[in-house]
Amino acid sequence: MKFSQYYLPTLKEEPKEAENISHKLMIRAGMIRKVAAGIYDLLPYGLRVIRKVEAIVREEMNRSGAHEVLLPAIQPAELWEESGRWKFYGKELLRIKDRSNRDFCFGPTHEEVIVDLVRKDIRSYKELPLNLYQIQTKFRDEIRPRFGLMRGREFIMKDAYSFHADESSLHEHYEIMHATYTRIFTRCGLNFRPVEADSGAIGGDVTHEFHVLADTGEDTIVTCPTCNYTANLEKATSSQEKFVQKNSTGTEEKQREEVLTTNLHAVEDVARFFHVTPNELIKTLIYVADNEPVAALIRGDQNLNEVKLKNYLCANEITMASEEVIKKVTGGQVGFSGPIGLTCKVIADYSISGMKNFIIGANKADYHFKNTNFTRDFQEPTYTDLRIVTEGDKCPKCSALLMFKRGIEVGQIFKLGTKYSKNMNLTILDKQGKPTHPIMGCYGIGIGRTAQAAIEQNHDNDGIIFPMGVTPFEVIILNLGTQEEKINRAAEELYHKLLQAKCDVLYDDRELRPGFKFKDADLIGIPIHIRIGKKYIENNTVELVIRKDKHISELSLSEAIEKIHSIIAKELSHA
RNA sequence: CGGGGUGUAGCGCAGCCUGGUUUAGCGCACCUGCCUUGGGAGCAGGGGGCCGGAGGUUCAAAUCCUCUCACCCCGACCA
């Protein structure tokens, strides 16, 4: 491609609309333009990256034995009513009506459609396992679209759905997908981690998210530097031993006292009032789990993980209790709840086990108890893991100290179970000739997000540094002397030779001063730059510059071609 | 949806508080000509705006008031 004929509008100034670095760079490098919140145009240069990511995804999915399909973006409401999600999927589902006032939606995901497809034709366990995937535009009316393609409302996603006759087949396939995803993100040149995640209400024992590591990532992931344990913050647990012994603030049980603590409900305020640190308090949090109030106890300096609480209770939904419920359950005011005399179920985090002479709310406005103790003052509760782990906690597997990292979730693999096959009545006959619902898995990759994550992870002050696997062009030729016939001839020759060798090459033939071309080339992040300028006139050499480290080698034209091929081959095989 | 902010030329901004010396300005970009070619050159000339929209206050509104729309940032969702 010749730059002079290409549509690649680069920007010198930082766009106001963007905050995050990869978003800024994508706009400046002429890759995307915004149409509306979370909705973007993909320009030729940006589309090339998307296509490269798609190509890798396609190749690896095909290699795994999955089959590509293309399902409709617009889906009829009946299918969603069958699965039960028409009611439950909130505002994120973009609902539309056709001319006859029939309900449709723009698909945010395709479980319904895929099950509908498969149930038409699959009859026997012999036809399974089956994995169907597509690369397609989704729409989710996100509460807050952000950061360009990172969290758009309209976005391109690869989604795959697998069907299995039994658990072991699903498990086997899950592992294949795990390996496939690992290959995909490796080939994209990304530094990523598979992360254990909570499987939520849908069920299924394991689920993994694939996170690209980046300081600006929106998610926190918890990882052990010693063993391979990596989980997201919701799922992460830590070894409990840290608490069990250390908690007692004195072996002797002191007399419990009721103390006036006017208007003090925040843990920090109460602790300051008593001249103690928050870890000598027990927080009593009242939740409502599927209409059932429940009290959760946790040490004052710790935070409760609502997902863990929800899972422990096997609840579909949990919310913080309203003022009324709190009054009913505790008999006291919000902010002064304590475990003594509660009329609801009580569960406790391990962090409070072994505590002595601790401070709790008195279930009475403006009062706390100090020197409270288990057994004597109230029954010792059941312990479980309810806390959000903190950095420096011990790894649950090997007891090394856990570290926090930031990540961008680019993919997820998930055991779906039979929810959709049951609700939508997808049945096959098993070996015994008995009707049964296939077990499903689903596997997603955000294509645009992956592309942007590659930029988020690979850039410097001058611009993007594309990994070879996803770069729009592998080489850019900078003609630094468009007035010189000799230079023009050499540049053209090099350009055509590289094209013939099936190399993705951009030739900057514009009649601009060199500085301009250097800046553009750095900004748009092509990994290999070839500069043809005055050195070619003087001694027939060109400069080959590696974008990543700006390393320059001076070579003849033919040496340059050879080196280009070897660099590309090496980088691609490396990944 | 709550909290905070921004809308003035293609992009980035100033002007607004304290209404009128503004025919609304600056930098970049754009057009013409000359000149220039190794890190976003220079000179000269030029084009481009209902100051987000609607209503109001006023002799007079980019500027004050009300409403509205759009976008961005911070929180709960997700690929």
Side-chain angles (χ1 to χ4, degrees), chain A residues 9-20 23-24 27-28 30 33-39 53 57 89-93 108-110 135-160 181 184-185 197-198 200 207-212 217-219 232 234 306-307 319-320 407-414 442-453 461-463 478-484 487 510-523 529 531-538 542-543 545 550 552:
Chain A
T10 57
L11 264 36
K12 197 192 294 192
E13 292 189 78
E14 297 221 323
K16 188 175 57 165
E17 73 186 59
E19 191 66 20
N20 150 292
H23 186 196
K24 282 181 184 170
I27 295 169
R28 287 191 56 209
R33 293 288 182 263
K34 188 179 66 191
V35 176
I39 300 177
V53 174
V57 167
Y89 223 106
K91 283 188 169 178
E92 206 174 282
L93 182 64
T109 174
H110 280 69
I135 296 176
Q136 199 230 23
T137 298
K138 303 266 187 272
F139 192 94
R140 293 182 190 173
D141 202 350
E142 289 274 348
I143 301 163
R144 185 145 109 81
R146 242 194 286 215
F147 305 148
L149 303 191
M150 207 71 107
R151 181 195 295 272
R153 291 193 293 170
E154 182 179 310
F155 60 99
I156 301 171
M157 177 172 164
K158 186 285 298 180
D159 48 327
Y181 274 40
I184 288 171
F185 295 122
D198 184 72
T207 169
H208 285 87
E209 296 169 348
F210 286 75
H211 283 261
V212 169
E218 291 187 84
D219 301 301
N232 70 11
E234 281 183 351
E306 293 188 3
V307 173
T319 51
M320 295 284 289
I408 300 164
E409 186 188 345
V410 289
Q412 185 174 30
I413 56 178
F414 202 90
C442 75
Y443 319 91
I445 290 178
I447 301 290
R449 189 182 277 187
T450 301
Q452 188 166 342
N461 287 335
D462 294 320
L478 303 179
N479 180 331
L480 304 179
T482 49
Q483 250 84 46
E484 300 284 346
I487 291 176
R510 296 174 299 172
E511 297 201 15
L512 292 171
R513 301 164 65 84
F516 213 100
K517 297 189 178 183
F518 292 147
K519 291 286 186 192
D520 263 351
D522 285 347
L523 172 64
H529 301 184
R531 299 171 172 178
I532 308 184
K534 62 187 179 196
K535 283 179 188 163
Y536 189 72
I537 296 191
E538 287 160 12
V542 301
E543 287 166 329
V545 186
K550 303 271 173 88
I552 301 177

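Note that the coordinates shown come from a computational prediction; the quantities given were computed from them, not determined experimentally. The sequence lines fix the lettering, A, B, ..., with proteins before strands; numbering per chain opens at 1.
Between the CD atom of A/Glu13 and the P atom of B/C13 there is a distance of 8 Å, rounded to whole Å. Residue A/Met157 contributes atom CE, which lies 5 Å from atom C1' of B/A79 at whole-angstrom precision. The distance from atom CZ of A/Arg151 to atom C1' of B/A76 is 10 Å, rounded to the nearest whole Å. Here the C1' atom of nucleotide B/C1 and the NZ atom of A/Lys91 are 7 Å apart, to the nearest Å. Between the NZ atom of A/Lys550 and the P atom of B/G38 there is a distance of 18 Å, given to the nearest Å. Between A/Lys519 atom NZ and B/U37 atom C1' there is a gap of 16 Å when expressed in whole angstrom units. For the pair A/Leu11 CG and B/A29 C1', the computed distance is 9 Å after rounding to whole Å. A straight line from NZ of A/Lys517 to C1' of B/G40 spans 13 Å, rounded to a whole angstrom.
Taking the P atom of each, B/C17 and B/C11 are spaced 26 Å apart, rounded to whole Å. Using P as the reference atom, B/C71 and B/C30 are 29 Å apart when rounded to the nearest Å. Nucleotides B/G47 and B/C28 are separated by 16 Å at their C1' atoms, to the nearest Å. Spacing of C1' atoms, B/G38 relative to B/U32, comes out at 28 Å, to the nearest Å. Across the C1' atoms, B/C51 and B/A44 are found 30 Å apart, a figure rounded to whole Å. Rounded to whole Å, the separation between the P atoms of B/U66 and B/G40 comes to 49 Å. A gap of 29 Å separates the P atoms of B/A76 and B/G12, to the nearest Å. A gap of 15 Å separates the C1' atoms of B/U18 and B/A62, to the nearest Å.
Contacts of A/Gly411 with the nucleic acid, taken as non-hydrogen atoms under 4.0 Å apart, involve only primed sugar atoms and P, OP1 or OP2. In this structure, A/Ile445 reaches neither bases nor backbone, as no heavy-atom distance under 4.0 Å exists between it and the strands shown. Here A/Gly446 lies in heavy-atom contact (under 4.0 Å) with a base. When heavy atoms are screened at a 4.0 angstrom cut-off, A/Glu209 is found touching no nucleic acid atom at all. Contacts of A/Asp520 with the nucleic acid, taken as non-hydrogen atoms under 4.0 Å apart, include base atoms.
No side-chain heavy atom of A/Ile532 sits under 4.5 Å from any side-chain heavy atom of A/Leu478.
In a base pair of the Watson-Crick type (N1 to N3 plus N6-O4 or O6-N4) or a G-U wobble (N1-O2 and O6-N3), with each distance short of 3.5 Å, B/A62 is matched with no nucleotide. In this entry B/U32 has B/A44 as its Watson-Crick or G-U wobble partner, both defining distances falling under 3.5 Å. For B/G27, the paired base is B/C11 (Watson-Crick or G-U wobble, both distances below 3.5 Å). Across all strands shown, B/A70 forms a Watson-Crick or G-U wobble pair, both distances under 3.5 Å, with B/U6. Across every strand in view, B/C1 sits in a pair with B/G75 that passes the Watson-Crick or G-U test at under 3.5 angstrom. Using Watson-Crick or G-U wobble geometry with both donor-acceptor distances under 3.5 Å, B/C17 finds no partner in any strand shown.
A search for side chain to side chain contact (heavy atoms under 4.5 Å, CB included) contacts involving A/Gln136 returns A/Leu70, A/Ala73, A/His110, A/Gln134, A/Lys138, not counting sequence neighbours. A search for side chain to side chain contact (heavy atoms under 4.5 Å, CB included) contacts involving A/Glu92 returns A/Tyr89, A/Arg140, not counting sequence neighbours. The side chain to side chain contact (heavy atoms under 4.5 Å, CB included) search around A/Glu218 returns A/Arg146, A/Phe147, A/Arg151, not counting sequence neighbours. Every ring-ring contact (aromatic ring centres under 6.0 Å, His included) that A/Phe210 has, sequence neighbours left out, goes to A/His178, A/Tyr181, A/Phe185. Here A/Asp462 pairs with A/Asp460, A/Asp522, A/Arg547, A/Lys550 under the side chain to side chain contact (heavy atoms under 4.5 Å, CB included) rule; sequence neighbours left out. Looking at residues two or more places apart in sequence or on another chain, you find a salt bridge (charged side-chain N to carboxylate O under 4.0 Å, His left out) between A/Lys535 and A/Glu543, A/Glu554. A/Asn232 pairs by the side chain to side chain donor-acceptor pair (under 3.5 Å) definition with A/Glu209, not counting sequence neighbours. A search for salt bridge (charged side-chain N to carboxylate O under 4.0 Å, His left out) contacts involving A/Arg28 returns nothing, not counting sequence neighbours.
Using a 4.0 Å cut-off between charged side-chain N and carboxylate O, A/Glu142 and A/Arg153 make no salt bridge.
No donor-acceptor pair under 3.5 Å is formed between the side chain of A/Thr450 and the backbone N or O of A/Ile445. In this structure, A/Lys517 contributes its side chain and A/Arg510 its backbone to a donor-acceptor pair below 3.5 Å.
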For nucleotides 68-74 of chain B, give me every protein contact, N/O to N/O, under 3.5 Å, one pair per line with atom names.
unit_1 : atom_1 : unit_2   : atom_2 : d
B/C71  : OP1    : A/Ala37  : N      : 3.0
B/C71  : O3'    : A/Lys34  : NZ     : 2.8
B/C71  : O2'    : A/Lys34  : NZ     : 3.4
B/C74  : OP2    : A/Arg144 : NH1    : 3.3
B/C74  : OP2    : A/Arg144 : NH2    : 2.2
B/C74  : OP2    : A/Arg146 : NH1    : 3.3
B/C74  : O5'    : A/Arg144 : NH2    : 3.4

Short heteroatom pairs, N/O only, protein and nucleotides 30-32 of chain B, under 3.5 Å:
none

For nucleotides 42-48 of chain B, list the nitrogen or oxygen atoms of the protein found under 3.5 Å from its nitrogen or oxygen atoms, one pair per line.
none

So which protein N/O to nucleotides 34-36 of chain B N/O distances come out below 3.5 Å?
unit_1 : atom_1 : unit_2   : atom_2 : d
B/U36  : O2'    : A/Arg513 : NH1    : 3.2
B/U36  : O2     : A/Arg513 : NH1    : 3.2

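Comparing A/Lys12 and A/Ile156 along RNA chain B, the residue whose closest nucleotide (by nearest heavy atom) sits nearer the 5' end is A/Lys12. The residue among A/Glu543 and A/Glu92 whose nearest nucleotide of RNA chain B lies closer to the 5′ end is A/Glu543.
The two atoms that bring A/Gly533 and A/Leu480 nearest to each other are CA-CB, 4.0 Å, heavy atoms only.
Side-chain atoms of A/Arg28 and base atoms of B/C11 include no donor and acceptor less than 3.5 Å apart. Side-chain atoms of A/Asp219 come within donor-acceptor range of the base of B/C78, with a qualifying N/O pair under 3.5 Å.
Here A/Phe518 does not count as stacked on B/G40, because the ring centres are not under 5.5 angstrom apart with planes under 30°.
Figure legend: A/Arg531 and A/Phe518 shown as a cation-pi pair, the cationic atom lying under 6.0 angstrom from the six-membered ring centre and within 45 degrees of its axis.
Remark: A/Phe516 CZ to A/Thr10 OG1 distance equals 6.0 Å, nearest 0.5 Å. Atoms CZ and CD, on A/Arg33 and A/Glu17 in that order, are 8.5 Å from each other to the nearest 0.5 Å.
Side-chain atoms of A/Ile143 lie closest to B/A76 of the nucleotides B/C28, B/A76, B/G38.
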